[in-house]
Amino acid sequence: MAQVQQLMQAGQVGAQRAGLPVYRDFGATPVPDGPSRVPVTVVGAGPVGLAMALDLAQHGHPVVVLTRLDFIAHCSRAICFSKRSLDILDRLGVADAAVDKGVVWNVGKVFRGADPDPVYQFDMLPVKDQKQPGFINLQQFYLEEMLVEALAALPHVDLRWGHRVTALDAQADGATLTVQAAGGEYRMQTDWLIACDGHRSTIRDLMGLDFEGRVFEDNFLIADIRLKRDMAPERWFWFDPPFNPGQSALMHRQPDDVWRLDFQLGWGIDREAAMQPENVEPFIRAMLGDDVDFTREWYSVYTFQCRRMARFLHGRVIFAGDSAHLVSPFGARGCNGGFADIDNLGWKLDLVLTGQADPALLDSYNAEAVVTADENILNSTRSTDFLTPKTPGSLALRDAVLDLARDYAFARPFVNSGRLSTAVSYPGSGLNTPDRDEWQGQGVAPGSPIPDAPRGDDWLLKQVGGAFTLVSNGYDGPVPDGVAHLRLSPQDVLALDRLALPPGGACLLRPDQYVAARWHRPDGPAITQALNRAKGGPA
């Protein structure tokens with residue numbers, strides 16, 4: 001979780017190094033003796049950096065990954081991965097393992113006070129018949145391990161453990177890095193540098209860049225504990241519970257009988273004291289019962305932040321994930337927002353590296369990733385203001401909404417216990433070919449990702465894959481080179497309905513499965529023009 005501070009107390013999970021518990025030790029990678037210039041370097045080996053490297057490597061590009069740690073840390077960070085992120089991970093080939101290991105959930109419940117009945121509940125997968133669930137809960141270190149193993153199966157991937165960037169010289173045609181490793185210091189050059197090194201980004205600091213935005217005056221305690229309890233895999237959130245009066249709390253189930261508990265603490269606390277077991281465990285016992293038998297995994301305290309860089313693209317240096325933006329953890333928008341970044345960036349950088357697009361295409365990454373970050377920040381800010389009202393008027397409004405929500409459906413959308421991460425659309429993107437009026441708001445408009453649907457014994461998104469694809473309902477005209485053609489049949493009822501494709505109609509999908517253009521009556525020149533536009537060419 002991006003907002004977790006360095007003041008953390010580790011649970012009893014084995015050896016520690018660099019102040020962090022070790023989940024899987026790789027040892028320091030020797031100083032390289034190979035080429036000193038590489039096409040792409042990714043700094044950071046969290047889920048976002050590893051997924052970025054995997055995406056590019058699967059397209060055949062040599063990638064170097066630098067990470068200052070020489071192990072995967074066993075500590076409390078991201079656990080909630082959204083359907084959109086699972087769709088992305090499925091394209092990268094690791095979603096099945098993640099879902100198999102994770103705790104699948106779709107339902108969230110919101111409680112108030114001591115009432116055992118929820119004020120209301122919601123479903124994160126309202127559109128059924130899709131391969132991926134609304135959410136899974138999975139400890140970040142498991143997902144990192146899955147991504148590392150996927151990278152190890154590919155050629156041209158150089159994952160350097162224990163290699164820390166200490167200096168950076170950004171140039172018009174790339175960057176020169178000074179790297180400190182156990183075997184000594186070395187310099188390397190890279191054509192493209194992707195900074196996925198977290199909210200304390202070394203690359204951002206070395207370039208003299210910073211965040212803009214808001215830090216909220218509140219603190220939350222994370223208590224990851226291990227206990228055996230037979231409960232449904234749901235997200236439970238409390239306003240003003242008896243075990244934390246006047247504050248809020250959250251409970252999530254994770255794999256291996258681990259539970260994530262969050263407790264609002266307020267501002268002006270002694271953060272280090274708040275993480276001590278003797279101060280944490282009264283909260284746990286008040287929530288779960290005095291006789292509950294549990295063991296500590298990890299205790300930490302974090303502060304809400306909603307901030308981002310002004311730009312994510314700085315010449316040949318590109319920022320993604322927490323290095324580019326921070327959001328409050330309620331809503332699970334941090335790591336999921338980072339996956340949206342790399343999903344947007346990967347195919348565009350691939351086109352640039354293979355000479356199919358001008359580097360100016362990457363300006364659309366900056367534009368679209370900023371839209372995603374701003375939507376996440378907006379939702380996180382609203383969630384935080386609802387969770388922690390700072391004025392009597394805000395508190396009165398919050399309580400009125402909760403009063404009404406139990407009995408009146410119109411009030412329930414206003415209950416904000418953390419608007420959970422969903423896919424973000426780019427209706428104003430310059431890569432879109434605008435709709436004609438004939439669609440009348442039906443289907444999936446340009447700038448939005450298509451939903452999944454069953455297709456025989458397979459799934460629509462799986463068959464679309466990660467290339468430019470024309471999905472059609474009986475179109476038999478020409479298709480440009482480099483564009484796959486997926487022909488739907490009358491038996492693909494749900495897919496046709498969700499895309500609202502009439503007979504003869506078609507839609508052009510970008511490699512990230514966003515709609516670039518759609519037509520009731522397509523033709524070859526129109527498809528070619530839309531393809532050129534989606535690659536950053538003239539409209």
Side-chain angles (χ1 to χ4, degrees), residues 42 44-59 61 63 78-102 104 124-125 127 130-138 140 142-151 154 194 196 312 318 320-322 324-325 331-350 365 368-369 371-373 375-376 420-426 444 447-453 459-469 509-516:
V42 176
V48 174
L50 293 171
M52 181 78 266
L54 183 59
D55 197 353
L56 293 170
Q58 287 179 347
H59 283 91
H61 302 294
V63 181
I79 64 165
C80 298
F81 300 99
S82 69
K83 179 192 178 301
R84 178 60 189 161
S85 291
L86 294 173
D87 289 338
I88 295 167
L89 292 171
D90 200 33
R91 178 175 61 77
L92 298 177
V94 297
D96 287 348
V99 172
D100 288 345
K101 178 63 178 178
V104 173
M124 286 306 298
L125 193 70
V127 179
Q130 303 192 66
K131 180 182 179 182
Q132 303 300 339
F135 266 88
I136 67 166
N137 287 350
L138 179 69
Q140 179 173 319
Y142 284 133
L143 182 57
E144 289 174 351
E145 183 177 45
M146 294 169 189
L147 290 164
V148 167
E149 290 176 350
L151 283 168
L154 296 173
I194 307 174
C196 302
F312 302 166
I318 308 170
D322 287 347
H325 45 74
R333 293 174 178 272
C335 192
N336 290 303
F339 283 138
D341 288 346
I342 65 96
D343 187 46
N344 190 295
L345 175 60
W347 67 272
K348 296 173 181 177
L349 187 53
D350 171 57
Y365 164 71
E368 293 179 350
V371 168
T372 298
E375 181 162 325
N376 285 332
L420 286 157
S421 176
T422 55
V424 175
S425 297
Y426 317 122
V444 182
S448 294
I450 64 168
D452 205 1
W459 297 94
L460 176 62
L461 291 183
K462 195 71 172 178
Q463 295 186 353
V464 166
F468 279 104
T469 304
L509 304 183
R510 306 179 346 177
D512 56 4
Q513 302 172 345
Y514 274 66
V515 174

| said: Going by the rule salt bridge (charged side-chain N to carboxylate O under 4.0 Å, His left out), which residues pair with Asp341 if we only count those two or more places apart in sequence or in a different chain? | reply: none
| request: I would like to know whether Met124 and Thr422 meet side-chain contact (heavy atoms from CB on, under 4.5 Å); could you show each step before the answer? | output: CA-CA 9 Å; Met124 286 306 298; Thr422 55; 4.2 Å; yes
| request: Could you list the residues that satisfy ring pair (Phe, Tyr, Trp, His ring centres under 6.0 Å) with Tyr514, not counting sequence neighbours? | output: Tyr426
| said: Can you give me the closest heavy-atom contact between Ile318 and Tyr365, atom names plus distance? | reply: CG2-CE2, 3.4 Å
| Are side-chain heavy atoms of Val371 and Val424 found at a separation under 4.5 Å? |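 Result yes, sub-4.5 Å side-chain heavy-atom pair found.
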| note | What one should report as the nearest heavy-atom pair of Ala53 and Val63 is CB-CG1, 3.9 Å
| Under the side chain to side chain donor-acceptor pair (under 3.5 Å) test, which residues partner Thr469, sequence neighbours left out? | none
| request: Supply the atom-to-atom distance Leu56 CG to Leu154 CG, rounded to the nearest 0.5 angstrom. | output: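 The CG atom of Leu56 sits 11.5 Å away from the CG atom of Leu154.
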| What closest approach, in Å, do His325 and Gly337 show between heavy atoms, and which atom pair accounts for it? |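 Heavy atoms of His325 and Gly337 come nearest at CE1-C, 4.1 Å.
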| side-chain contact (heavy atoms from CB on, under 4.5 Å) against Ala340, all qualifying residues, sequence neighbours excluded | Thr372
| request: Kindly write out the residues that satisfy ring pair (Phe, Tyr, Trp, His ring centres under 6.0 Å) with Phe339, not counting sequence neighbours, or none if the list is empty. | output: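 With sequence neighbours excluded, Phe339 shows a ring pair (Phe, Tyr, Trp, His ring centres under 6.0 Å) to no residue whatsoever.
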| Residues forming a ring pair (Phe, Tyr, Trp, His ring centres under 6.0 Å) with Tyr142, sequence neighbours excluded | Tyr23
| When rounded to the nearest 0.5 angstrom, what distance separates NZ in Lys462 from CG in Asp90? |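 Between Lys462 NZ and Asp90 CG, I get 4.0 Å after rounding to 0.5 Å.
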| remark: Between Ala324 and Phe312 the two heavy atoms that sit nearest each other are O-CE2, 3.5 Å
| request: Could you tell me which residues satisfy salt bridge (charged side-chain N to carboxylate O under 4.0 Å, His left out) with Glu375, sequence neighbours excluded, listed by chain and number? | output: none
| note | Ala150 meets the side-chain contact (heavy atoms from CB on, under 4.5 Å) criterion, sequence neighbours left out, with Leu54, Val94
| said: What verdict does the side-chain contact (heavy atoms from CB on, under 4.5 Å) test give for Ile88 and Arg84, after you've listed the backbone C-alpha separation in whole Å, the side-chain angles of each residue and the deciding distance to 0.1 Å? | reply: CA-CA 6 Å; Ile88 295 167; Arg84 178 60 189 161; 4.1 Å; yes
| task | With sequence neighbours excluded, tell me which residues meet side-chain contact (heavy atoms from CB on, under 4.5 Å) with His59. | result |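 Testing His59 for side-chain contact (heavy atoms from CB on, under 4.5 Å), a comparison that skips the adjacent residues, returns Asp55, His61, Asp350.
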| said: The criterion is side chain to side chain donor-acceptor pair (under 3.5 Å); which residues satisfy it with Gln513, sequence neighbours excluded? | reply: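 Gln513 satisfies side chain to side chain donor-acceptor pair (under 3.5 Å) with no other residue.
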| Does some side-chain heavy atom of Met146 sit less than 4.5 Å from a side-chain heavy atom of Leu89? |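 The answer is no; the side chains never approach within 4.5 Å.
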| request: State whether the side chain of Gln130 and the backbone N or O of Pro451 hold a donor-acceptor pair below 3.5 Å, judged by distance alone. | output: no
| task | State whether Lys101 and Glu145 are salt-bridged, where the test is any N-O pair (Lys NZ or Arg NE/NH1/NH2 against Asp/Glu carboxylate O) under 4.0 Å. | result | no
| request: Identify the heavy atoms of Pro47 and Leu147 that sit nearest to each other, and give their distance. | output: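 Residues Pro47 and Leu147, closest heavy atoms: O-CD1, 3.6 Å.
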| So how far is it from Ser82 OG to Leu125 CG, rounded to the nearest 0.5 Å? |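 Those atoms lie 11.5 Å apart.
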| Asp512-Trp347 side chain donor-acceptor pair, cut-off 3.5 Å | yes
| message | So, taking the atom named CG in Leu345 and the one named CD in Glu368, what distance separates them when rounded to the nearest 0.5 Å? | response |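 With rounding to 0.5 Å, CG (Leu345) is 11.0 Å from CD (Glu368).
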| task | Quick one: do Leu461 and Gln132 satisfy side-chain contact (heavy atoms from CB on, under 4.5 Å)? Show the steps, please. | result | CA-CA 10 Å; Leu461 291 183; Gln132 303 300 339; over 6 Å; no
| Atom CG of Leu86 and atom CG of Asp96: how far apart are they, to the nearest 0.5 Å? | 10.0 Å
| Say you draw a straight line from CD1 of Ile342 to CG of Leu349; how long is it, rounded to the nearest 0.5 Å? | 12.0 Å
| What's the verdict on side-chain contact (heavy atoms from CB on, under 4.5 Å) for Ile79 and Leu138, showing C-alpha distance, side-chain angles and the deciding distance? | CA-CA 5 Å; Ile79 64 165; Leu138 179 69; over 6 Å; no
| How close do Cys80 and Asn336 get, heavy atom to heavy atom, and via which atoms? | O-ND2, 3.0 Å
| Pair Asp452 + Lys83, salt bridge at N-O below 4.0 Å | no
| Got a sec, which residues hit salt bridge (charged side-chain N to carboxylate O under 4.0 Å, His left out) with Asp100, two or more places apart in sequence or on another chain? |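 Checked Asp100 against salt bridge (charged side-chain N to carboxylate O under 4.0 Å, His left out); zero matches.
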